[in-house]
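So the structure is just underneath, and the comments pick up after that.
A note on names: the letters A, B, ... follow the listed sequences, proteins ahead of strands, and every chain is numbered from 1.
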Amino acid sequence: MAESESSGGVFDEQRFLRIVELMKEHDLSEVELRDSEQRISIKRGGTPAAPLTAPSVAAPASAPAAGSSQPAAAAEDPNVVVVKSPMVGTFYSKPNPKAASFVKVGDHVDPETTICIIEAMKVFNEIPAEISGKVVAVLATDEEAVEFGKPLFKIDTSG
Amino acid sequence: MAESESSGGVFDEQRFLRIVELMKEHDLSEVELRDSEQRISIKRGGTPAAPLTAPSVAAPASAPAAGSSQPAAAAEDPNVVVVKSPMVGTFYSKPNPKAASFVKVGDHVDPETTICIIEAMKVFNEIPAEISGKVVAVLATDEEAVEFGKPLFKIDTSG
Amino acid sequence: MYNRILIANRGEIALRIIRACREMGIETVAVFSEADRGSAYLDLADEAICVGPAKSAQSYLKIDQIISAAEVGNVEAIHPGYGFLAENAHFNEVCRSCKIDFIGPTPEAMDLLGDKNRAREIARKAKVPVVPGSGGLITDEAEALKVAHEIGFPVLIKATAGGGGKGMRVAANDLVLQTAIQQAQTEAQAAFGNAGVYLEKYIERPRHVEVQVIADLHGNAVHLWERECSTQRRHQKLIEESPAPNLPQETREAICSAAVRLIESVNYTNAGTVEFIVDQENNFYFIEVNARIQVEHPVTEMVTGIDLIRAQISVAAGEPLPFDQSAVVQHGSAIECRINAENPDRNFQPSPGPITQIFTPGGLGVRFESHVHPGYVVPPHYDSMIGKLIVHQPTRREAIACMLRALDELRVEGIHTTASFHKKVLQHSEFVEGWVDTSFVERVFLTK
Amino acid sequence: MYNRILIANRGEIALRIIRACREMGIETVAVFSEADRGSAYLDLADEAICVGPAKSAQSYLKIDQIISAAEVGNVEAIHPGYGFLAENAHFNEVCRSCKIDFIGPTPEAMDLLGDKNRAREIARKAKVPVVPGSGGLITDEAEALKVAHEIGFPVLIKATAGGGGKGMRVAANDLVLQTAIQQAQTEAQAAFGNAGVYLEKYIERPRHVEVQVIADLHGNAVHLWERECSTQRRHQKLIEESPAPNLPQETREAICSAAVRLIESVNYTNAGTVEFIVDQENNFYFIEVNARIQVEHPVTEMVTGIDLIRAQISVAAGEPLPFDQSAVVQHGSAIECRINAENPDRNFQPSPGPITQIFTPGGLGVRFESHVHPGYVVPPHYDSMIGKLIVHQPTRREAIACMLRALDELRVEGIHTTASFHKKVLQHSEFVEGWVDTSFVERVFLTK
């Protein structure tokens, strides 16, 4: 068995490369070979025609963010929620230049905890966390212009 | 096992290539062969989204007919060859209105047998069969305007 | 001149303004809702700022968000386009208080003309004809007859509290008027709890003719001639053209002068449209002023050769109009068809969704104004217009032929559009001969 | 007027002619090679006939197949477009013998002007300036000096059997001329086995200026003013415009009158272009006549408002020109960029293949003439031009700004195009100031 694995088993690089070569040569997009317990399945070229119909310069307006308060990085960790800006304006992490930040990484926040200020039309809007958890990242910098939906904080709701 | 693997196993390159060849010849995009534990699955050409980028109204100028004298209906029967018009003009099946047709279905033709006339610029061009075989279909009608590459006859070269 | 402006709009008009700015060397800040995120036209702006979710009320109509974007984007002026905040005098006022130029008329002029009755008053003072009427409630038959004889039959009886045709009656002579007055009063009482009615001259088969005007901050006001927009469905314009066909030259000149007179009387500035109805005898009556750029402005641009968006921006920035009245000449004939994502075979039901493929028409005299592209998804949140097809030819006959071939070239796959309906309209004898009135589309195509 | 014509061409010019015919109510028969089968523009013709395989020699250039298609298609006339058979006097003759109108000049006029030397003779007789020269071979130094003094230094010594620059020498004074004559003779002898040389005035940094003309069958000939086409790479025009910048009005008028004089002297009919070179002192010299419509005809259409393809078809059908000289006025400024499927970063190497996606520019003053569409495959068999981007604006400065924004909007994916190169050219001070000569592109962009 050990013998066959090196000279024809599914992990045999020579055979693998040979199949890939044949795929290129004959313009094969997908190959699957199976023999009882052995199985080799290779796809080539991938991402069918998506780039054709939806080039980067023209990403369709199809899939708008599902809602500004949804976690944006769910794939990372389902407990980590991204708090997004509810408005256009200028971000401030502290009530005044000499004060400490409202929150910093590691802090625990409650839904009503003010986490930052967004200045819009000369009005300083205190933004509450709206959820409970531990701040794991601050994603905006002081005096940064933020648009609607801009990620501001990551908060771990399991914390 | 060793025996079967070299002379017909799923990893047999000869067999693999034969399948690919057949796929090309018959323009197959996907093949799956399964026999109890053996399975061979091959896809070719891919670009599943072709219909999106190349809608019927805008069939790309990509794949011109491979050549006017190639069999057009190979999938039907590899022995049946379609004779196409080598020029633009008017099709006549007989030398004059009162005469019999040059050929009719069931007739045997040789390469030099005149099978029709194409009139172009007042010149009556006698068109030879250019292959041997039995006429199995006449695809143009008398006085029909035909373009370059228009199928005129089907000839069974095995007959 | 401005260095940087914000465009408080979306879609084709946002792209139209971006194009003008790029040509003028002005930077642009586009705003967008989440439904428009990723639209290709946003890439052509120097900056694009998301101002809210898909719903207009929370994005394109949200004044504080737009102003905030203007501040963050550091712009000197805002172009409102049409629709959304374009005729919102309050927004206009807020811009002023924030020291951001609003590219349009002043809040005062907008306010003054925004009320239809006040606008009619202004028109009367400027000696611009309005539809003659009783001017007040009619209480009895005798008064009704007197007024009717003054303004001339036929007359329209309208409920003062009315709407939707309820309590409306047309009377063509004394006899009919006498009975109709009572019926209308009874009907109005039943429908609105208010029996008050008034009389107005009934205009049979009216045409919608409007005049493009523009004025600078230095007292120069000019018109850019008229547009004919009678091809409408449910008061929505479908096809617009310039010049208006079959309009005597003296009428054309009289309407255009009246429009200038009216806007001069209120010191109106920037671009605007003065709308009239014209009856079958070419009498014209002022209806209202649209204090903004309009969807159909391109037909005027084609025949005059003047870029109206550039002109708007220039005059807002304080520059004098670069042309005087004598330099504004109509050359040839221009027609515009609004291409909507609607299914004309299903009562013009909206047809949002992905445009899998689009082939745009081209060639001499063809202009396609559209922000859509292959892969674009028409959002269901906004109006259904996906583009405007405009043609310009030496004659109206040639313009119709050119539009028909351009409509044939336009292919949109994935959604339904009104292109096929336009072809039917353009080939109808009434349109071809240039005698369309505002009832044309409903009368000819939509009654079964 | 014709009911049905055949278009003996492909690609953008075939589409251009189809569009004109549709607008005129004329049916069209398109021909195509197997490489163009399935191109979308063929769907816009009333009939499309395959005339052969991809190779032009066996399809678009095959006279018997084209004529046969015309007979089968039952047309009254053939429009040859440009290239292929457009200046083939024999084809023109065959059309006549088959009683099919050739939409272009007569075979006789074509023949007469097809030979450059004969054309120069005709020009001389019509008092149209040609580049001054010895008129015959120079045998010794003394004669060379005499001729050089007559025509003025600098002079160009050219081998009579020459080509490709071999045996060519520029001489700016007597001394250089004396040595150069001998060197040139020796070099010519070695290269061509023929020591014969002649002298011609050397034009430094010449500009290419050409005049659009058209004449009907009733003796009316007019010009449609000039085009400047000095932005060339390897004698291939890249950018064309009208009017020519920095050309004094009297020179403009003199060149245009000369062009009309020349074509009138040979009873030329239909559209044509008279090409000149203009030196830095605005002296102009006749070069040749292109007896056909040209790629760059749209810039003339934009500034004059005249549809040249329609005019060609009308005069071929025997109609009088619908305008006289005084009605042909230049309005504004138009520029055309040829968009080629070439990679400007790799020495303009052709880039055929599938266009996976294309976004076409639009808006006021922008015209895109192209037969390509998403999914179109640029065949490797023909020239690399995939479209022409044309803009029209009130001034040249605005036209350049408009072209730049339109080039930014144009996005072609899947293949390389020359769009990026055009942007560099349009922003170069020499172009912006309008002082481009025919060496500009090579001198500024291609020498490393």
Original post:
Which atom pair, heavy atoms only, marks the closest approach of A:Phe148 to C:Arg37?
Top reply: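 Taking A:Phe148 first and C:Arg37 second, the nearest heavy atoms are O-NH2, 4.2 Å.
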**OP:** Locate the shortest heavy-atom distance separating A:Gly89 from C:Ser68; write the atom from each residue and the value.
**Re:**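 Looking at all heavy atoms of both residues, the closest pair is CA-OG, 3.5 Å.
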Sequence neighbours left out, cut at 3.5 Å: what donor-acceptor pairs do the side chains of residues 69-85 of chain C make with other protein atoms?
{"unit_1": "C:Glu71", "atom_1": "OE1", "unit_2": "A:Met121", "atom_2": "N", "d": "3.2"}
{"unit_1": "C:Glu71", "atom_1": "OE2", "unit_2": "A:Lys122", "atom_2": "NZ", "d": "3.3"}
{"unit_1": "C:Glu76", "atom_1": "OE2", "unit_2": "C:Asn3", "atom_2": "N", "d": "2.7"}
{"unit_1": "C:Glu76", "atom_1": "OE2", "unit_2": "C:Arg4", "atom_2": "N", "d": "3.1"}
{"unit_1": "C:His79", "atom_1": "ND1", "unit_2": "C:Gly81", "atom_2": "N", "d": "2.9"}
{"unit_1": "C:His79", "atom_1": "NE2", "unit_2": "C:Gln312", "atom_2": "OE1", "d": "2.6"}
{"unit_1": "C:Tyr82", "atom_1": "OH", "unit_2": "C:Glu12", "atom_2": "OE2", "d": "2.5"}

Subject >> Which atoms of C:Tyr41 approach chain A - backbone, side chain, both or neither, heavy atom under 4.5 Å >> reply: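 Neither part.
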**OP:** Return the set of residues passing ring-ring contact (aromatic ring centres under 6.0 Å, His included) with C:His422 (not counting sequence neighbours), or none when no residue passes.
**Re:**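 C:His422: no ring-ring contact (aromatic ring centres under 6.0 Å, His included) contacts found.
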Pairs of donor and acceptor atoms involving the side chains of residues 97-104 of chain C, under 3.5 Å and at least two apart or interchain, shall be tabulated with distances.
{"unit_1": "C:Ser97", "atom_1": "OG", "unit_2": "C:Val94", "atom_2": "O", "d": "2.8"}
{"unit_1": "C:Asp101", "atom_1": "OD2", "unit_2": "C:Tyr2", "atom_2": "OH", "d": "2.6"}

Original post:
Which of residues 45-64 of chain C have a heavy atom under 4.5 Å from any heavy atom of chain A?
Top reply: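 Residues of residues 45-64 of chain C touching chain A at under 4.5 Å: C:Ala48, C:Ile49, C:Cys50, C:Val51, C:Gly52, C:Pro53, C:Ile63, C:Asp64.
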